[in-house]
There are 2 protein chains.
Amino acid sequence: MAQKNVISLDKIKVACRDCSLSTLCLPMGLRPDDVDRLDAIVKRNRPLQRGDHLFRAGEAFRNLYVVKTGAVKTFTQTNEGDEQVVGFHLPGEVLGLDAIQDGQHGCSARALETTAICELPFDRLEDLSSNIPSLQHQMFRLLSKEISHEAEMMALLGRSTAEERVASFLISLSERFKRRGFSATDFFLSMSRQEIGSYLDLALETVSRLFTRFQDEGILKVERKHVQILDLERLNGMVVHPTNVERHHANPST
Amino acid sequence: MAQKNVISLDKIKVACRDCSLSTLCLPMGLRPDDVDRLDAIVKRNRPLQRGDHLFRAGEAFRNLYVVKTGAVKTFTQTNEGDEQVVGFHLPGEVLGLDAIQDGQHGCSARALETTAICELPFDRLEDLSSNIPSLQHQMFRLLSKEISHEAEMMALLGRSTAEERVASFLISLSERFKRRGFSATDFFLSMSRQEIGSYLDLALETVSRLFTRFQDEGILKVERKHVQILDLERLNGMVVHPTNVERHHANPST
DNA sequence: CGTAGCTTTGAAGATTTTCAACCTTAGTGG
DNA sequence: CCACTAAGGTTGAAAATCTTCAAAGCTACG
């Protein structure tokens, strides 16, 4: 036990610097000593292999998880036995936020490839947040960000043709890779066409066909899991963007 | 000023008891004096009329809002000028949680009918949360609940035929009315077919047709905005429910 | 090298949207 | 009090989109 702690204390800091730290702290700085206090509660486990579960629907909620490297999918299963992909989680992104609510995971999470994870015991995170106002603020922002992100996803699933959905999906991946320092135009999909389809509510064949079409149109180069975006502008042009400015058409009440 | 405060102090408590209180406090009790401290920051404005804005996309975020009576829709506008309904908010439900993230509202909110609202200044709520651990916990739960709720919505939009979507929509309304003490089987829709369609990503005609069909099948009685659910069981049977138990089919990794 | 698991592609079928017309209700003003 | 209008709702038919079913190709792994 003691030994494990000694070993992990160093590792923890390293782990924290590149995952929980960037997620929880960077957006609005904590004081260095507060960062250390946060570091101290982070746990880092051995990497997950492709197909390993991070948690399962119905399990008790204890930790938030931050993806360090690799990729994770979250999903539910319907009473008809098939899987519904709820989300894909890339490095720097947090899982488990939906489970705070009732202390139980509402979906399962599995590694799509070899994946390193940081573990944040939620009860300790709450204690810490009580004592560090700026951490509390970060936590609120983190949760809020997740809400915004899902609202965006809904808007995407909401107003979209298959073309728009696949385009949005690729743009989303591109932006998320970019934010974490990877190439925005050349990356590998860690998920199958099936999983993409489940996520976007499209048949896997439709996803495949769209990839092919985008390639024919010179927008992409796709070779199985390897995607290169050749014309990001045209891809962007396919999706309907929400504006922040409300247009004034006759207001029913005034 | 002084007079306004005197007047509002009483009103506030009443307002709080039936909106922010039930949302923020009831799920896991705060101590009575803490409830009073929460009460003290709640503001209550004059009711909104149908069509009035509660906030607009792009505005600075200052407050969370709790619907006391009535109904509110949130929506964005696309660069093509049409409106995308993001959510409907019934009594007891909270708006604005997505805006904590970057201090700016990402969608607009408008009253669908005459609506009373409680206003919670977020900065004061944060201060209070720092000092009242159980309130902080409630806030985390509240945010998490919103995430879960949106994940559910995504799952709904995700794996659904038009029939499932409309059925789920009605079930959702039914449950939310029930939770707040209204009839679960007899209610008025405060939104138009157009708005329902926008929310569910269906043409308004499709929504209308489904209502008609459900009525022909004896599941509903619909007369414009007035809906009666005659066979909730059959309605439930239409939607694919997520299970909490993950089925074991061949695990790709083991 | 063979098999299993993705992926791609084609063609038929189902669902949903679009366009258009018509109906109903509530509100307005003659 | 009634006709008129505007907004929302319903209904039908054609067109577009997406799914399903089926078959075949490709890769990776043992």
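Proteins get letters first, then strands, A, B, ... in listed order; numbering begins at 1 in each.
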Select one nucleotide: of C:dT17, D:dT11, C:dT9, the one nearest the side-chain heavy atoms of B:Thr206. C:dT17

I'd like to know if the side chain of B:Thr76 pairs up with that of B:Gln84 as donor and acceptor (distance under 3.5 Å, no hydrogens or angles considered). no

What's the closest nucleotide to the B:Leu202 side chain, out of D:dT27, C:dT17, D:dT19? C:dT17

d(CG, A:Leu204; C1', D:dT20) in whole Å: 11 Å

In whole angstrom, give the distance that lies between atom CD of B:Gln194 and atom P of C:dT17. 12 Å

Are B:Phe61 and B:Phe55 close enough that their ring centers fall under 6.0 Å? no

I'd like to know if the side chain of B:His53 pairs up with that of B:Ser108 as donor and acceptor (distance under 3.5 Å, no hydrogens or angles considered). no

How long is the line joining CG of A:Leu210 and P of C:dT7, in whole Å? 15 Å

Can a side chain N or O of B:Arg193 be found less than 4.0 Å away from OP1 or OP2 on D:dT10? yes

A:Glu223 or A:Val207: which one's nearest nucleotide on DNA chain D is closer to the 5' end? A:Val207

What nucleotide, of D:dC18, C:dC6, D:dT10, holds the atom closest to the side chain of A:Ala162? D:dC18

Rounded distance in Å - CZ (A:Phe211) to P (C:dT8): 8 Å

D:dT17 C1' sits how many Å from A:Met238 CE, rounded? 16 Å

Nucleotide D:dC18, atom C1' - distance to CD of A:Glu164 in whole Å: 15 Å

What nucleotide, of D:dG25, D:dT19, D:dA13, holds the atom closest to the side chain of A:Arg209? D:dT19

When the distance from CZ of A:Phe214 to C1' of C:dT9 is rounded to whole Å, what number comes out? 17 Å

Provide, to the nearest angstrom, the distance between the NE2 atom belonging to B:His226 and the P atom belonging to D:dG9. 15 Å

Quick one: is C:dG5 close enough that its OP1 or OP2 comes under 4.0 Å of any side-chain N or O from A:Ser192? no

Indicate the ring-plane relationship of A:Phe182 and A:Phe177, choosing parallel, tilted or perpendicular according to the 30° and 60° boundaries. perpendicular

Would the base of C:dC19 count as contacting B:Glu205 through its side chain, where contact means a donor and an acceptor less than 3.5 Å apart? yes

Hey, does the side chain of A:Lys225 come within less than 4.0 Å of C:dT7's phosphate (OP1/OP2), counting only N and O? yes

Identify which one of A:Lys68, A:Lys145, A:Arg176 satisfies the salt bridge (Lys or Arg N to Asp or Glu O under 4.0 Å) criterion when paired with A:Glu93. A:Arg176

